[in-house]
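These notes concern the structure reproduced below.
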Amino acid sequence: MENDTYKTLTAPSEETLFKEKNSKFFGYAFPVSNEDEVKAALEEMRKKHHSARHWCYAFQLGTDKKYYRANDDGEPNNSAGMPIYGQIQSFDVTNVLIIVVRYFGGVKLGVGGLISAYKTSAQMALEASDIVEKTIDLEYTLKFSYQNMNKVMRVIKEKSLNIVSQKMEMDCEIVVSTRKKNAPMVLEAFTNLYEISIK
């Protein structure tokens with residue numbers, strides 16, 4: 001049975017601070033649902049920490065098809081973005097962005113030191129976050145005429161579906177959502193009712 005839940009953040013994390021040989025690493029985790037939100041959070045961090053040296057980050061979007069990106073922002077290749085992304089994987093969260101802001105303290109950490117610092121900073125940001133499990137929901141649009149309203153409402157109630165939106169004009173249109181694993185059963189329930197279209 002494939003999984004129909006995923007873990008994500010309820011809100012941005014508190015700021016975390018990790019220090020290593022005079023370098024400071026500020027960690028932040030954000031819930032994001034698209035790349036525009038990623039860009040906005042990065043811009044905000046660049047303003048907030050305008051004198052920092054690096055703003056490294058990784059994000060992952062999506063539930064079924066996951067899409068991720070990791071950015072070293074001028075640090076040696078794979079010493080920052082990938083260690084940050086590794087923590088997103090190990091906490092098994094998605095629709096999340098982690099930014100680690102580095103202030104250089106005059107002492108070089110070496111690639112191993114950087115990997116460890118970015119990893120720790122990302123881990124601290126996630127530990128400071130409120131992580132919740134959500135269900136992967138599918139939405140269906142139901143179209144039907146008024147006389148079928150009771151039938152439809154009965155199924156919605158029986159299957160405890162969420163009503164996302166409804167339009168009641170000449171015909172009725174209700175958008176419902178349900179957990180992915182209940183979807184086939186919901187589809188079947190409505191497909192068996194005449195004069196109701198579901199997509």
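Values below: every heavy atom of this structure, side chains too, minus hydrogens, waters and symmetry copies.
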Main chain of [Y], side chain of [X]: is a donor-acceptor contact present, judged purely on distance under 3.5 Å?
{"X": "Asp4", "Y": "Arg179", "value": "no"}
{"X": "Asp72", "Y": "Asn78", "value": "yes"}
{"X": "Asp73", "Y": "Trp55", "value": "yes"}
{"X": "Ser116", "Y": "Gly112", "value": "no"}
{"X": "Ser79", "Y": "Val111", "value": "no"}

Spatial distance of atom [atom1] ([X]) from atom [atom2] ([Y]) [nearest 0.5 Å]:
{"X": "Thr94", "Y": "Leu9", "atom1": "OG1", "atom2": "CG", "value": "10.0 Å"}
{"X": "Phe190", "Y": "Leu161", "atom1": "CZ", "atom2": "CG", "value": "5.5 Å"}
{"X": "Ile136", "Y": "Lys181", "atom1": "CD1", "atom2": "NZ", "value": "11.0 Å"}
{"X": "His49", "Y": "Tyr28", "atom1": "NE2", "atom2": "OH", "value": "2.5 Å"}
{"X": "Leu142", "Y": "Ile174", "atom1": "CG", "atom2": "CD1", "value": "6.5 Å"}
{"X": "Met149", "Y": "Met153", "atom1": "CE", "atom2": "CE", "value": "4.5 Å"}

Are the side chains of [X] and [Y] in touch, meaning some heavy atoms are under 4.5 Å apart?
{"X": "Phe91", "Y": "Ile98", "answer": "no"}
{"X": "Phe104", "Y": "His54", "answer": "no"}
{"X": "Pro12", "Y": "Pro31", "answer": "yes"}
{"X": "Lys159", "Y": "Thr178", "answer": "no"}
{"X": "Arg46", "Y": "Leu42", "answer": "yes"}
{"X": "Arg102", "Y": "Tyr118", "answer": "yes"}

Using every non-hydrogen atom in the two residues, find where [X] and [Y] come nearest and quote the distance to one decimal.
{"X": "Glu169", "Y": "Tyr146", "answer": "O-CE1, 3.2 Å"}
{"X": "Val101", "Y": "Ala52", "answer": "CG1-CB, 3.4 Å"}
{"X": "Ser177", "Y": "Glu139", "answer": "CB-CG, 3.8 Å"}
{"X": "Gly27", "Y": "Ser13", "answer": "O-OG, 4.5 Å"}
{"X": "Ser33", "Y": "Leu61", "answer": "C-CD2, 3.8 Å"}
{"X": "Pro184", "Y": "Lys180", "answer": "CD-O, 3.8 Å"}

query: Should the ring pair Tyr68 and Tyr85 be called parallel, tilted or perpendicular, given that the plane angle runs from 0 to 90° and is split at 30 and 60?
result: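 Parallel, since the angle between the ring planes stays under 30°.
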- request: Please test Asp171 against Lys143 for side chain to side chain contact (heavy atoms under 4.5 Å, CB included), starting from the C-alpha separation and ending with a verdict.
  value: CA-CA 7 Å; Asp171 282 327; Lys143 292 186 173 161; over 6 Å; no
query: Who are the ring pair (Phe, Tyr, Trp, His ring centres under 6.0 Å) partners of Phe18, not counting sequence neighbours?
result: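 Ring pair (Phe, Tyr, Trp, His ring centres under 6.0 Å) list for Phe18, sorted by chain: empty.
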- prompt: Does CD belonging to Glu35 count more than 12 external heavy atoms closer than 6.0 Å?
  reply: yes
query: Can you tell which of Val100, Leu109, Leu114, Ile115 makes a side chain to side chain contact (heavy atoms under 4.5 Å, CB included) with Glu75?
result: Leu114
Contacts of type side-chain contact (heavy atoms from CB on, under 4.5 Å), residue Glu43, not counting sequence neighbours: none
message: The test is side chain to side chain contact (heavy atoms under 4.5 Å, CB included); show your working for Ser90 and Gln87 and say whether it passes.
response: CA-CA 5 Å; Ser90 90; Gln87 290 306 299; 3.6 Å; yes
